[in-house]
Amino acid sequence: MNEKIQLVKESFSNDLNLIVDMKTLNDVRVSYLGKKGKVTELSQMMKDIPNEDKKTFGMLLNEVRNYVTSEIENKKKALEEKALNEKLEKETIDITLPSKKVKRGSKHPMTRIEERFEDIFTSMGYTVYEGPEIESDENCFQKLNLPKGHAARDAQDTFYLKDEYENYLLRSQTSTAQVRAMEENEEKGPLRIVCPGKVYRRDEDATHSHQFMQIEGLVIDKDISMADLKGTLELFCKKILGEKTKVRFRPSYFPFTEPSVEVDVTCFKCGGKGCALCKQTGWIEVLGAGMVHPNVLEMSGYDSSKYQGFAFGTGMDRFAMFKYGITDIRTIYGNDIRFLEQFDRKDDE
């Protein structure tokens, strides 16, 4: 019996050397450990062994079974490792090769300006409020003291939606968001918001676009005066254009404010001395503002005898052109990567 066990062990050793892949490994495993395998056949011989020899035979049988099982497991791990190494070898990436250069821009100048504006005003206690770009004629004009037929509508009531004439249009100013904010304020109490977003008009030249970014501010409270408006805008202009910036108010006219002013700042290029940019005046117009017209307050549910307010608005594109030296507004919306990739550097200067 011992000789049979030794023959099985030697036979397995020879077959083990012939294993080259997982298929032959499985064949050898079945031929020795399967139901009709050679090791299994040795186990079935136990019943014919004399009682006094069964212990010795059982020990030898367990030894050969453990040997076969262990060697098959070791061979399996060796084959798996070999297969993995071959796969890695075939899929190796040569990291010494130069990579394809990916063109990248930077954060868009309008995004930079909008974030800067919002940071300044939220630090002053304002809330950012955004309204829809498609608006009703009522919100865009009538509730801003611009009734149908008003002459001041001519430059703005442009992009009406098909089959919706005199009902809906692409908003021409973000003041429509102010109307919505006043109406949504059911308590009709104090309000302090800024409204950034796209607006649409029919302008189209180097300094104007049919689509541009605007931001407007609105403050409503008791005992609000022009002094509050001037102090707010002086602080804003110094934050965005530099501490040496001076602000000048000029009388103007807007249907939704009374009194109304145009706001100029000292030319950031020449410091107010006069140059080609400011047309030798030393001043550049940057925004319009004024005290909210009582009619606008009343149409949105406020009691104009108790509440006053001021409003202001400016094109963010204009500030982007000032800050980054952009000479043609149309390049802002051209998506030219050569234009966009330079603004990280400009902000560092």
Any donor-acceptor pair under 3.5 Å from Arg29 side chain to Glu73 backbone: no
Any donor-acceptor pair under 3.5 Å from Asn85 side chain to Glu81 backbone: yes
Atom pair CD1/CD1 of Ile240 and Ile113 - distance to nearest 0.5 Å: 5.0 Å
Any donor-acceptor N/O pair, His108 side chain to Ile332 backbone, under 3.5 Å: yes
Gln173 side chain vs Cys140 backbone, donor-acceptor pair below 3.5 Å: yes
Distance-only side-chain donor-acceptor flag, Asn14 / Ser11, under 3.5 Å: no
Asp328/Arg330 ion pair, N-O < 4.0 Å: yes
Approximate separation, where rounding is to 0.5 Å, of Arg116 CZ and Met316 CE: 14.0 Å
From CE (Met182) to CG (Asn185), nearest 0.5 Å: 10.0 Å
Leu229 reachable from Ile120 in the ILVMFWY side-chain graph, under 4.5 Å edges: yes
Partner of Phe312 by ring pair (Phe, Tyr, Trp, His ring centres under 6.0 Å), out of Phe236, Phe256, Phe121, Phe249: Phe121
Counterpart residues, salt bridge (Lys or Arg N to Asp or Glu O under 4.0 Å), relative to Glu298 (two or more places apart): none
Verdict with reasoning, Val199 to Ser172, per side chain to side chain contact (heavy atoms under 4.5 Å, CB included): CA-CA 5 Å; Val199 296; Ser172 58; 5.7 Å; no
Spacing of CD belonging to Glu258 relative to NE2 belonging to His293, to within rounding of 0.5 Å: 6.0 Å
Hydrophobic cluster identity match, Met299 and Leu191, side-chain contacts under 4.5 Å: no
Shortest non-hydrogen separation from Asn145 to Pro255 and the atoms involved: ND2-O, 2.9 Å
Least distance between heavy atoms, Cys278 atom then Thr281 atom: O-OG1, 2.7 Å
From CA spacing to verdict: side-chain hydrogen bond (donor to acceptor under 3.5 Å, both in side chains), Asp137, Gln142: CA-CA 7 Å; Asp137 181 274; Gln142 297 174 47; 2.7 Å; yes
Atom pair CG/CG of Leu233 and Asp228 - distance to nearest 0.5 Å: 11.0 Å
Pairs flagged by side-chain hydrogen bond (donor to acceptor under 3.5 Å, both in side chains) wherever residues 118-129 is involved - sequence neighbours left out: Tyr129-Glu184
Modelled atom types, side-chain donor and acceptor of Thr69 and Tyr32, under 3.5 Å: no
Check: Asn139 side chain, Glu135 main-chain N or O, donor-acceptor pair, under 3.5 Å: no
Ring geometry between Tyr253 and His150 (parallel below 30°, tilted from 30 to 60°, perpendicular above 60°): parallel
Point-to-point distance, once rounded to the nearest 0.5 Å, from CE of Met291 to CD1 of Ile224: 7.0 Å
Close side-chain approach of Met213 and Pro196, heavy atoms under 4.5 Å: no
Atom NZ of Lys75: over 12 foreign heavy atoms under 6.0 Å: yes
Whether Gln214 side chain and Thr174 backbone form a donor-acceptor pair below 3.5 Å: yes
Check: Ser260 main-chain N/O paired with Ser252 side-chain donor or acceptor under 3.5 Å: no
CD1/Ile134: more than 12 non-hydrogen atoms of other groups inside 6.0 Å: no
Thr314 (side chain) donor-acceptor with Val286 (main chain) under 3.5 angstrom: yes
Phe117-Phe319 aromatic ring centre distance below 6.0 Å: yes
Arg171 side chain to Lys198 backbone, donor-acceptor under 3.5 Å: yes
Path from Ile326 to Tyr333 over hydrophobic side-chain contacts below 4.5 Å: yes
Lys/Arg cation over aromatic Tyr307: Lys188, 6.0 Å, 45° cone: no
Audit row: Glu115, Lys107, salt bridge (Lys or Arg N to Asp or Glu O under 4.0 Å) steps and yes/no: CA-CA 11 Å; Glu115 290 177 350; Lys107 189 179 289 187; 3.2 Å; yes
Asp21 vs Lys23, salt bridge (Lys or Arg N to Asp or Glu O under 4.0 Å): CA-CA, chis, key distance, verdict: CA-CA 6 Å; Asp21 54 31; Lys23 182 180 181 307; over 6 Å; no
Shortest non-hydrogen separation from Gln308 to Asp223 and the atoms involved: OE1-N, 2.8 Å
Cluster overlap Val263 with Met226, hydrophobic side-chain contacts below 4.5 Å: yes
Over 12 foreign heavy atoms within 6.0 Å of NZ, Lys239: no
Donor-acceptor pair between Ser300 and Lys143 side chains, under 3.5 angstrom: no
Under 3.5 Å: donor-acceptor pair, side chain of Asn26, backbone of Val30: no
Arg250/Glu285 salt bridge by N-O under 4.0 Å criterion: yes
